[in-house]
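All values below were derived from every heavy atom in this structure, side-chain atoms included, with hydrogens, water molecules and symmetry-related copies excluded.
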Amino acid sequence: MFGRGTWAIFGLGKESLETFRTILEDRAIMVAASQMAASAITRYSSADTIGINPFSGPRLDEEHPVGLDHEPELARYATSEPEERSNLSLPAEILDCEGYGVTEAQFRLHPTIPWYGLWAVSNEWKDVSDVASIKEQRSYRLLDRPYKFLQASDKKSVEQDALGITAAVRKQVPVLLDFNDGRVYIENTNMKLIYMITVRLRQLGVEIIPVAWTYPGRPNWPAEILNRLYENTEYQRDFQKRAEEATRFKASEIEKLEDRGLESIVANYFSMTQLPSDLWIGISGPAQIRLHDASPPIAVRAPTSATTLLSMTNDAKVLSGAITFQELVSAISKKGGEYTFRKDLLCIDLNDRINLTDIGAAMMRGFDMSAFRKDILREIRQTKEVPSIEQFWSNWLHQMSNAVRTIEATFRELLDIDGKQEAGILPMKVPAKEAVQEVVIA
């Protein structure tokens, strides 16, 4: 978190807040959902699991581990059905252990706004050894030859003797819950893992709502937005000149422009467009360009390559690209003079993978807010105070929510969508049971 990454977004039922708060105070439920229990199940049963830790304790289960003699009992309790747990009891050594998150305070990010944060921890039971090297070692010692030179029967005996070393492989994913706007943010791209996290959240009383980026009547809206931006780009001559220079000189041989702002534009983007809102959007690689309607897309990374391809035919179009939102900021130099500079606000990859419809997630791939880190570091230098962990998380959630609203509004504006029409990240429409039955019968 706090850097470039990919976020899966879900809707969140605001009315489930009270249920969620109640469950956070329930030790019996929270210990079963915890990473402390999940890691015990993985070690005891060699099974893949997922558990949670509070945002301020990413490895809380390791800071305050439950005793090894209690792991089997904890694993059995956590894997039992919720109805069965009411008839089971755990010893105080487990329930009172500080190795898992319990109480609302451990997960809340803001004293007055219903924002919450946690770590979802995936535990996979995997072979962590290099089995190939083990087989090679056995072949050398037992048969005096490399493994690939063994007979089939000898290979089989070596493989049976070459047992690997298994262990739990741990991965951590930050999860943010905004009950104010009704959104859940999960920083991950793995569809299976994202789904498992939503299952865990539902077990904690959270209502998860499938959503998708939706702009009605615009099936190819990502490409439409990119091409509308490109058609209105400024600095077109400067982009063309830099692309021509790139065909004749090495990157180190190209003379940089005296105007540092313009140099930054032509060096990093192949399009830069000013919006009516006074924001600017630049398009950069990785991108995909199509020369003709029937031709396959061409992947490019260098901005100059994109410029060259787009000027080759009249039908050339941008299919995907990374877009960066900027604003022009005025400042006073140390000498007292006024100057302006471009400030990056946020960036996101815009392509046809912006929705994971199979699990109902709207995606923000390649998302970053570079100004976030700079602004906080500047504030630390000025105030000589470091924000709390809660403030780091809550500030990120606050600014990411604002970024999503900016993206939604900008896309609506670029597509000329009527203000009364719903557009942006919207709940996915689920067919009625009758309609589903009709489709199945047909």
Output, in order, the C-alpha distance, side-chain angles, deciding distance and verdict of side-chain hydrogen bond (donor to acceptor under 3.5 Å, both in side chains) for T49 and T42.
CA-CA 6 Å; T49 59; T42 297; 2.7 Å; yes
Give, for atom [atom1] of [X] and atom [atom2] of [Y], the distance between the pair rounded to the nearest 0.5 Å.
X	Y	atom1	atom2	result
N180	I113	CG	CD1	6.0 Å
M30	L24	CE	CG	5.0 Å
I407	I323	CD1	CD1	6.5 Å
R290	T313	CZ	OG1	11.5 Å
R183	L397	CZ	CG	11.5 Å

Hey, are the side chains of [X] and [Y] touching, using non-hydrogen atoms and a 4.5 Å cut-off?
X	Y	answer
I9	V404	yes
F411	L350	yes
I359	F10	yes
R242	L257	yes
F367	T6	no
L346	D368	no
V173	I186	yes
I425	E408	yes

Around atom [atom1] of [X], are there more than 12 heavy atoms of other residues, nucleotides or ligands at under 6.0 Å?
X	atom1	result
E258	CD	no
E422	CD	no
H398	NE2	no
E253	CD	yes
R237	CZ	no
D416	CG	yes

Does the plane of the ring in [X] sit parallel, tilted or perpendicular to the ring in [Y]? Use 30° and 60° as the thresholds.
X	Y	result
F239	Y235	perpendicular
W213	W221	tilted
Y185	W7	perpendicular

Do [X] side-chain atoms and [Y] backbone N/O form a donor-acceptor pair below 3.5 Å?
X	Y	value
S45	A47	no
S34	A37	yes
T307	P303	yes
S388	Q391	yes
R218	N220	no
R301	G285	no

Distance under 6.0 Å and angle within 45° of ring axis: R85 vs Y77:
yes
Can a cation-pi geometry be assigned to R342 and W280, taking NZ or CZ under 6.0 Å from the six-membered ring centre and within 45° of the ring axis?
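Yes, a cation-pi geometry holds between R342 and W280.
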Does the side chain of [X] pick up a donor-acceptor pair with the side chain of [Y] at under 3.5 Å?
X	Y	value
D48	N123	no
D344	Q326	yes
E104	Y116	yes
Y100	R27	yes
R200	Q203	yes

Is the distance between the ring centroids of F55 and W119 under 6.0 Å?
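When the ring centroids of F55 and W119 are compared, they turn out to be at least 6.0 Å apart.
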Does the pair K192 and D358 meet the rule for a salt bridge (Lys or Arg N to Asp or Glu O under 4.0 Å), with working shown?
CA-CA 10 Å; K192 179 182 177 182; D358 288 347; over 6 Å; no
How far apart are the C-alpha atoms of Q172 and R59, what are their side-chain angles, what is the distance that settles it, and do they pass the side-chain contact (heavy atoms from CB on, under 4.5 Å) test?
CA-CA 9 Å; Q172 306 228 167; R59 300 186 85 94; 4.1 Å; yes
For K241 and D238: C-alpha separation, side-chain torsions, deciding distance, then whether salt bridge (Lys or Arg N to Asp or Glu O under 4.0 Å) applies.
CA-CA 5 Å; K241 183 180 179 182; D238 300 291; over 6 Å; no
